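Some notes on the structure that comes next.
Note on naming: letters A, B, ... go to the chains in the order of the sequence lines (proteins, then strands), and numbering restarts at 1 for each one. Computed from a predicted model, the values in this text were never measured in an experiment.
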Amino acid sequence: MNDDLRTEIRAAVTAILDRRGEDRTGRAWKELSEGGFHLIGVPEEAGGSGGGLGELAVVVDVAAFQAVPVPVAETAFLAGWLLARAGLSVPAGMTVASLDEARGHRQDGVLRLSGRLRVPWARHAGHIVTMARCAEENLVAVIPGDAGAELVTAENLAGEPRDLLVLDGVAAAASAAAPPGLDATALLRRGALARSVQLAAAARAVLVSARRHVTEREQFGRPLARFQAVQQHLAALAAQVTAMQVSAQAAVAAVEHEDADAAVAVAAAKATTSAGARQVAAIGHQLHGALGYSSEHHLGAVTTRLWAWREEFGNESHWHDHLATALHDRAWWPLLTGDAR
Amino acid sequence: MTTSIHLPPHRLSEAARRLRDDVRSFLDGELAAGTFVPRCDAWMSVADPAFSRRLGARGWIGMTLPSAYGGHDRSPLERFVVTEELLAAGAPVAAHWIADRQMAPSILRHGSPSQRERYLPAIARGECYFAIGMSEPDAGSDLASVRTRARQVDGGWEITGTKVWTTGAHFAHAIVVLARTDGSPADRHAGLSQFIVDLPAPGVEIRPIRTIDGEHHFNEVIFDAAVVAEDSLLGERGAGWRQVTAELAHERSGPERYMSTVPLLRVWAEHVRQQGDASAERELGGLTARAWTLRQMSLSVAAALAEERPPEIAAALVKDLGSRFEADVVETVRRLAGIEPRKNGSGLEGLLAEAFLHSPAFTLRGGSNEILRSVVARGLGVR
């Protein structure tokens with residue numbers, strides 16, 4: 001849409017995330033949220049920072065490329081989107097989304113929620129947004145982080161918080177009816193789009209690091225890059241990374257333009273980025289040798305994210321099945337080109 | 001020096017979408033009339049001059065040429081849409097394919113006014129077909145080591161040498177020949193030039209090279225002191241390598257580099273739908289995701305070509321992925337369809353047999369995948 005704006009956002013977020021030092025997450029989050037970068041892509045009337053999905057994808061891309069543990073996908077991509085779709089405002093502080101739907105009931109006019117909800121980053125969150133089913137109503141509801149729900153902490157392969165929140169009649173702070181089409185499938189698709197962007201960015205980080213490493217590292221009296229076997233590995237890596245990037249970007253564009261076939265685009269992109277993660281991580285580690293296996297090297301922060309994110313919001317098998325199901329009603333080639341027949 | 005390949009996605013225009021509808025209607029009509037049966041790899045191996053002329057009459061050959069040369073002033077992306085529809089249908093387009101894909105742009109760019117007049121309108125009508133004389137017995141992937149020589153003689157050029165793996169030379173009206181005009185093979189890229197030789201011609205012998213399936217698509221073309229006119233030189237003397245490299249961007253970047261086995265995949269998708277086998281469905285979904293991504297990449301490369309951003313590296317990379325996808329389609333169908341391939345069989349059996357016997361070529365033609373990866377490595381600045 002607006003290439004200049006995106007370039008500016010990329011530069012600003014990169015500058016914030018580039019700074020190293022103590023409590024990287026806390027400082028990065030503070031600076032991102034002070035600058036409003038954590039809510040880009042969420043309309044201003046919903047308390048967001050405005051901008052479109054393309055701008056939001058830039059923020060998520062940079063954070064994933066740098067492997068900085070900040071929940072930009074969970075806040076703007078998921079929580080902000082849910083709230084804005086339901087006409088609610090984003091509360092101050094960190095607001096993250098539940099991946100599961102809560103059960104709701106009304107008691108004395110108060111909406112109370114129960115259920116076991118997977119909530120990435122719940123331990124750090126000021127508020128949690130969840131979809132909820134209450135009698136015949138589909139709702140979007142907000143729970144304060146300190147509302148007394150039981151928190152079971154857990155981490156994914158990259159050590160990112162993947163917590164479980166156990167609610168037993170917790171009172172919602174706010175709620176609204178979910179608009180038509182906003183359901184568990186839509187949330188899964190939205191998360192899959194975010195993870196596609198993140199996977200592609202992490203894959204790009206592996207390529208950049210591998211390229212630098214084979215150029216600088218010398219063995220047998222010459223840089224690794226002088227070996228044909230290494231060059232072939234690097235080219236295969238570049239091909240896979242480019243495939244992941246193109247699929248993620250094309251899916252973002254399809255959703256941003258509200259294409260009739262955006263669902264196919266997201267399914268294909270998450271399948272491509274998830275399936276590609278294996279080869280990217282494998283070649284990346286192979287090219288970095290034992291050095292890349294050390295926790296002191298940056299590579300592990302990226303490859304563990306590739307392995308974690310490919311499973312989240314449906315791995316490639318999930319989305320392969322999804323595409324196969326879509327083919328029950330449509331012929332193969334029109335599905336690929338996004339045409340009705 | 002780049003650290004990653006920049007390939008932004010492209011969104012087709014509404015005009016391109018309407019054009020797609022027209023092409024689909026035309027192909028539906030042709031299929032209903034029984035003028036062709038969908039075949040794998042048909043862009044390389046199924047030539048039907050009458051079909052090519054019908055496409056020409058609709059303005060779907062030489063689309064990007066200026067109307068002054070019989071073209072249609074269309075964008076490369078509109079051409080992309082027509083191309084991918086023809087490939088998806090497995091239509092018999094081999095007669096004009098090379099002329100349309102690379103010779104029309106090459107002659108437009110490098111040709112003399114008389115060469116443009118002579119070839120371009122006929123190409124656009126679907127009546128003039130080209131072969132390409134690049135590979136030689138001692139020069140496959142290493143094209144710069146060609147030994148064919150062209151010597152300036154009284155009134156023209158005398159060409160001596162042998163070209164191999166020349167697709168369609170047995171029906172082509174002309175062949176473009178890469179030959180050394182100056183220096184020696186040690187000079188590598190310098191001293192090479194391109195010539196257009198009309199066929200048949202005295203001193204030019206065309207012999208079939210049969211492939212492992214016994215079919216005749218390729219030829220050996222022997223130039224035995226064949227004398228051609230002065231003005232058969234294409235472009236600049238000594239600039240042959242630069243011209244060929246630009247041509248290769250067209251040769252390597254098209255959707256045929258991932259779609260050769262799509263006709264098989266489409267028939268198998270229908271088969272899977274009827275069988276309802278969950279494991280086959282999952283693999284079909286996997287191939288569909290890969291095809292979707294390859295199509296987006298191919299579209300991005302076409303957009304790069306359209307904007308005159310040289311897509312050499314991106315094209316090499318897409319062809320590396322795409323050609324392996326073509327073979328994976330064949331292997332997946334073989335593993336899951338529960339049928340045996342039958343040469344000249346009908347339906348899935350026949351498509352599978354044909355695709356199988358063509359599959360070694362997928363990762364060889366137009367530059368082997370190892371060469372393509374070298375191109376990518378160079379683009380990454382490590383070679």
Let's test your reading of the structure: which of A:Ser247, A:Ala236, A:Gly338, A:Ala239 forms the most heavy-atom pairs below 4.5 Å with chain B? A:Ala239
Under 4.5 Å, counting heavy-atom pairs only, tell me which of A:Ala238, A:Ala253, A:Ala225, A:Ser317 racks up the most with chain B. A:Ser317
Below 4.5 Å from any heavy atom of chain A, which atoms of B:Ser300 appear? Answer side chain, backbone, both or neither. side chain
Return the OG1 to CH2 distance between B:Thr288 and A:Trp319, rounded to the nearest 0.5 Å. 14.5 Å
What residue, out of A:Val264, A:Val230, A:Thr215, A:Asp259, has the most heavy-atom pairs lying under 4.5 Å from chain B? A:Asp259
Can any side-chain N or O of B:Arg295 pair as donor or acceptor with the backbone N or O of A:Thr337 at less than 3.5 Å? no
Any chance you could measure A:Leu336, atom CG, to B:Arg266, atom CZ, to the nearest 0.5 Å? 10.0 Å
Spell out, as yes or no, whether a donor-acceptor pair under 3.5 Å connects the side chain of B:Glu281 to the backbone of A:Thr325. no
Are the side chain of B:Arg282 and the backbone of A:Asp321 linked by a donor-acceptor contact shorter than 3.5 Å? no
Are the side chains of B:Gln296 and A:Gln249 in contact, using a 4.5 Å heavy-atom criterion? no
Are A:Asp339 and B:Arg17 packed together at the side-chain level, in the sense that at least one heavy-atom pair is separated by less than 4.5 angstrom? yes
If we ignore angles and hydrogens, is there a donor and acceptor under 3.5 Å between the side chains of A:Trp332 and B:Glu270? no
To the nearest 0.5 Å, what is the distance between CG on B:Asn369 and CD on A:Gln232? 9.0 Å
Part of A:Asp261 within contact of chain B (heavy atom distance under 4.5 Å): neither
Can you tell me how far the CG atom of B:Leu284 sits from the NE2 atom of A:His320, to the nearest 0.5 Å? 10.5 Å
Below 4.5 Å from any heavy atom of chain B, which atoms of A:Ala275 appear? Answer side chain, backbone, both or neither. neither
Using side chain to side chain contact (heavy atoms under 4.5 Å, CB included), reason through A:Gln231 and B:Arg373 one step at a time and then give a plain yes or no. CA-CA 8 Å; A:Gln231 293 170 6; B:Arg373 287 183 179 186; over 6 Å; no
Who among A:Ala269, A:Pro223, A:Ala271, A:Ala265 has the most heavy-atom pairs with chain B under 4.5 Å? A:Ala265
Do A:Gln245 and B:Leu7 come within less than 4.5 Å of each other through their side chains, counting heavy atoms only? no
Is it true that atom CD of B:Glu307 has more than 12 heavy atoms of other residues, nucleotides or ligands lying nearer than 6.0 Å? yes
Select one option (side chain, backbone, both, neither) describing which atoms of B:Ala269 are under 4.5 Å from chain A's heavy atoms. side chain
Given the rule in the side chain to side chain contact (heavy atoms under 4.5 Å, CB included) test, do B:Met297 and A:Thr242 qualify, once you have shown the distances and angles that lead to the verdict? CA-CA 8 Å; B:Met297 296 178 90; A:Thr242 307; 3.8 Å; yes
